[in-house]
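Chain identifiers are assigned alphabetically (A, B, ...) following the order of the sequence lines, protein sequences preceding nucleic acid strands; residue numbering begins at 1 within each chain. Owing to the predicted nature of the structure, the values given are computational and were not obtained by experimental measurement. All values below come from the heavy atoms of this structure, side chains included, with hydrogens, waters and symmetry mates left out.
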Amino acid sequence: MGELGAFIILALVTLLPAAAVVTSRNLVRAAMSLVPSFLGVAGLFVLLQAEFVAGIQILIYAGAIAVLILFVIMLTAGGTGTAVRQANEQRVVGGLAAAALTAALLALLLRTAWPLAAGSLPRANVAAVGSAFLTTFVLAFEISSVVLLVSLVGALVIARRER
Amino acid sequence: MLLDWLYVAVFAVVGVVMAGLPLALVWALAPRAEYPQKHLTYESGVVPFGQAWAQFNIRYYLFALVFVLFEVEVIYLFPWAVVFRDFITQRLGGFVLAEAALFIVILGMGLLYAWRKGALEWV
Amino acid sequence: MSWLWEIFKATLAAVAVFTFLALVGAMLGVYLERKISGWIQSRLGPKHVGPQGILQTVADTVKLLQKENIVPTNADAITFNVAPLMAAVAGLLAWIIIPFGPIFGRVVIVRDINIGLLFFIAMASLIVIAILLGGWSSNNKYALLGGFRSASQMISYEIPLALAVLVPVMMAGTLSTVGIVEAQRGGWLGIGNWFIFGLPGNRWLLIPGALAFLVFFTAATAEVNRVPFDLPEAESELVAGYFSEYTGMRFALFQLGEYAEAFAMAALTTVLFLGGWHGPLLPGVVWFFTKMFALVFVLMWVRWTYPRLRLDQLLHLSWKGLVPLGFVLVLVTGWLLI
Amino acid sequence: MTVGVNHYLAVSALLFGLGLYGILTRRNAVAILMGIELMLNATNINLVAFNRYVAPGALAGHVFALVIITLAACEAAVGLALVMAVYRNLETVHVDEINVLKW
C-alpha cells in the first residue's frame with residue numbers, strides 16, 4: 001500500500017509542475033516549475049530501484065540543465081515575457097495533436113502484454129552501473145566523451161561572436 | 001534502500017515546514033506600515049530606474065555552458081571511481097585506468113579549447 | 001503499519017537536525033564568527049548580551065522576528081518567498097549523510113544512503129537555483145547581477161568539488177560516507193590511515209590525498225561564498241548581492257542555509273580526508289566535532305587573513321587551476337592505486 | 001495492489017504528451033527546449049521502468065538512461081547556444097518572428 005501512495009504522490013509531483021511548465025505565462029516561473037518535475041522523476045527512479053540514476057537526475061537535470069535554462073531566460077530578457085503572449089495561435093490544434101498522441105501511446109503501452117520477468121536489480125547499483133560501463137558498454141563510455149567535446153566546441157563557436 | 005529516500009522526502013517536507021515557521025511568526029508578529037516608498041527597490045539611495053532585467057552579456061552563459069558539460073562528466077567518473085578497486089583485484093586495473101584516462105584526455109582537450117579560445121575569460 | 005512508524009522517526013530526526021542546525025549552525029556559528037573576528041582584530045566582539053555575549057544571536061533572532069517582511073514593487077512574490085526556503089532546505093538535506101560517530105557501538109547518522117556523496121553534491125547544486133531565483137525575483141538590477149555572479153562562482157567551483165571527492169571515493173571504493181570513514185580506520189596512533197596520509201598499502205598516495213584535501217577545502221569555501229570567495233555579497237561590490245532586497249527573517253533563512261552548508265562542508269571534509277570519527281584516545285563523536293569545529297575555525301580565520309578575489313581571478317583559479325589539477329589528481333591516484 | 005509497469009508507462013506517456021504540447025504551442029525558443037527536456041524525461045522513465053520489470057538482470061536500461069541524460073545536456077547546451085546567437089543577431093527569441101532566412 002505504501003509504495004502505491006508514494007507512486008501517486010511522485011506522479012503528481014512530476015505531472016502537475018510539467019503542466020505548469022507548458023502552460024505558464026511567466027517564463028521564469030515555467031523554468032522554476034521545471035525543477036520539481038525533475039525531482040518528481042528522480043523520485044520515480046528511486047521507486048524503480050534506480051538509485052544512481054536518481055542521483056544523477058537530481059545533479060544534472062535539476063542542478064545543471066535547469067540552471068542553464070534559467071540563465072538563458074534571464075539573459076535574453078525572457079523574464080519580461082509576462083507582457084508578451086506566450087502561446088502561439090496553433091494552441092488548440094497543438095493541444096488536440098498532443099492529446100491524440102498521448103491517447104495512442106497509452107492505448108499501445110497499456111494494452112500490450114510486456115514479458116515481465118521476476119527478480120530485482122543488484123542492490124549496490126553504482127558498482128553495477130560502473131562495471132557495466134567499463135565492460136559491456138565501453139563504447140558508450142568513450143563515445144560520450146567525444147559527444148561532450150563536440151557539443152562543447154560547437155556551442156562555444158555558435159554562442160561567441162568571433163573576435 | 002527505499003527507506004533512505006523516505007527519510008529524504010520527510011526531511012524535505014519537515015524542512016519546508018520548519019523553515020516556514022519563523023516566516024509565519026513574522027507574518028503574525030511583525031508590524032505593517034504600508035507606504036509606497038518603502039516598496040521601492042534599493043538602488044543605494046538612487047531612485048530606481050528602468051527594468052531590472054540584465055542587459056545582454058554572453059559570458060554568464062559561457063560559464064554555465066562549460067559547467068553543464070563538465071558536470072555531465074561526473075556521471076561517468078563516479079561509477080568508475082567506485083568500481084576501480086574491484087577491477088584492480090581482478091588484475092584489470094591498467095585496462096580500466098586507460099579507459100578513464102582516454103575519457104579524461106578527450107574532455108581535457110575540450111577544456112583546453114575553451115581556454116585557448118578565451119571562453120573562460122571573464123572580460 | 002511499519003512505514004508510518006518510520007515516517008514518525010524520520011520527522012523526529014528532521015526536527016532534531018533542523019534545531020541542531022538552527023542553534024549550533026546559525027546562532028552559534030554567527031556568535032563564533034563575531035567573537036573570532038573580534039579576537040583576530042584584537043577587539044572583543046559581542047559582550048553585553050548575556051555572559052560573554054553568548055545571547056547576542058538570540059537577541060538578533062528575536063529582533064528579526066519583529067522586522068516587517070517587505071516585498072519590492074512588482075517583484076514575483078511567490079519566487080521571492082520560495083527562494084530562501086529552498087536555500088534553507090537544501091542546507092538541511094545535506095546533513096542526512098553526515099556520520100557523527102559511534103555512540104554505544106552504533107554509528108550516529110540519519111541515513112547512510114549508498115550514493116551518499118553524489119546526493120551531497122546534488123544538494124549543493126540545488127542552492128544555485130535558489131540564489132538565481134532569489135536574485136531574479138527581487139526585481140532589482142543589483143540583486144539580479146549579484147545572483148548571476150554568485151551563481152557563476154558556485155557552479156564554477158562545483159566541478160573541482162566533484163573531482164576532489166573522487167580521490168577518497170577511489171581509495172575507499174564506495175560512495176557511502178560511513179564506508180569511507182570505515183576505510184580510514186586504524187593506522188599509527190589511529191591517525192595513520194586518514195586519506196590525507198594515503199593508504200597503508202602504499203604511502204605514495206599521500207601526495208594526491210593531501211592535494212585533493214586542499215582542492216576540496218578551497219572549492220568548499222567557494223561553494224559557501226566565504227572570503228576569499230565572497231565577492232557576491234561583498235560590501236565593496238554590488239549593493240548586497242542577491243539578497244539585497246531581502247529583509248528580516250527571509251534574510252536570516254538565507255544565512256541559515258549558508259551556515260548550514262558551511263558546517264556541512266566542514267563535516268564532509270573531516271569525513272573524506274581527516275578520518276571522520278577516528279582518533280587516538282577520545283570517543284569518536286568528540287573527535288568528529290573537534291575536527292569539524294577546527295575546520296570551521298579555519299574557515300573563519302581565513303576570512304580575516306586573505307584579500308577578496310576579483311570575480312575573474314576567482315573564475316580563473318577554478319577553471320584554469322583547480323579543474324585541471326582535479327583531473328591530474330584523479331589520474332595520479334588511479335595510477336598509484338594499481 | 002502493487003505498482004506494476006503499466007503505472008510508470010502511463011506517467012511517462014502523459015509526460016511525453018505534455019512535452020509535445022509545450023513544443024507545439026510555445027512561441028519562445030527556450031520554452032520549446034523545456035518541452036524537449038520533458039519528453040526526454042518521459043523516455044528515461046520508460047527505460048528505467050522496463051529495466052526494473054522486464055529485464056532486471058543487466059543494467060542496460062540504467063546505462064541507456066544515463067547516456068540519454070548526457071545527450072539531453074549536450075542538446076540543451078547547443079540549443080541554448082543557438083538561442084543566444086539568434087538573440088544576439090535578431091534581438092528576439094520568439095520562433096515565429098525568426099522567419100528571415102538571411103541573418
Chain A contact via D:Val54 - side chain, backbone, both or neither, heavy atoms under 4.5 Å: both

Atom group of D:Glu75 that falls short of 4.5 Å from chain A, counting heavy atoms: neither

Per-residue contact mode, D:Leu14 against chain A (heavy atom under 4.5 angstrom): both

Portion of A:Thr14 that has a non-hydrogen atom of chain D nearer than 4.5 angstrom: both

Contact class of D:Val78 relative to chain A, heavy atoms under 4.5 angstrom: both

Side chain, backbone, both or neither of A:Leu116 within contact of chain D (heavy atoms, under 4.5 Å): both

Toward chain A, the part of D:Ala60 with a non-hydrogen atom under 4.5 Å: both

Whether D:His7 and A:Phe7 hold their rings parallel, tilted or perpendicular, with breakpoints at 30° and 60°: perpendicular

Residue part contacting chain A, namely of D:Leu71, when any heavy atom lies under 4.5 Å: side chain

Test item: A:Thr112 side-chain N/O and A:Trp114 main-chain N/O as donor-acceptor pair under 3.5 Å: no

Top contributor to chain D contacts, counting heavy-atom pairs under 4.5 Å, from A:Leu152, A:Thr136, A:Leu47: A:Leu47

Per-residue contact mode, D:Leu33 against chain A (heavy atom under 4.5 angstrom): neither

Toward chain A, the part of D:Phe16 with a non-hydrogen atom under 4.5 Å: side chain

Main-chain N/O of D:Val3 paired to A:Glu3 side chain as donor or acceptor, under 3.5 Å: no

Best-contacting candidate, A:Gly94, A:Ala64, A:Ala11, against chain D by heavy atom pairs under 4.5 angstrom: A:Gly94

Interchain contact, A:Leu34 with chain D, by part (heavy-atom threshold 4.5 Å): side chain

D:Asn44/D:Leu40 under side-chain contact (heavy atoms from CB on, under 4.5 Å): CA gap, chis, key distance, verdict: CA-CA 6 Å; D:Asn44 277 349; D:Leu40 285 168; 5.6 Å; no

Top contributor to chain D contacts, counting heavy-atom pairs under 4.5 Å, from A:Leu10, A:Val93, A:Leu96, A:Val129: A:Val129

Region of A:Leu48 that comes under 4.5 Å of a non-hydrogen atom in chain D: both

Heavy-atom proximity to chain D below 4.5 Å, by part of A:Leu44: both

Proximal component of D:Val48, with respect to chain A [non-hydrogen, under 4.5 Å]: both

Exam field: side chain D:Arg52 to backbone A:Phe45, donor-acceptor pair closer than 3.5 Å: no

Under 4.5 Å from any heavy atom of chain A - which part of D:Phe64: neither

Verdict with supporting geometry, A:Gln57 and D:Asn41, side-chain contact (heavy atoms from CB on, under 4.5 Å): CA-CA 9 Å; A:Gln57 164 90 2; D:Asn41 268 345; 3.6 Å; yes

Region of D:Ala72 in contact with chain A, defined by heavy-atom distances below 4.5 Å: both

Separation of A:Gln90 CD from D:Arg26 CZ (nearest 0.5 Å): 13.0 Å

Residue among D:Asn46, D:Val30, D:Leu66 with most heavy-atom pairs under 4.5 Å to chain A: D:Leu66

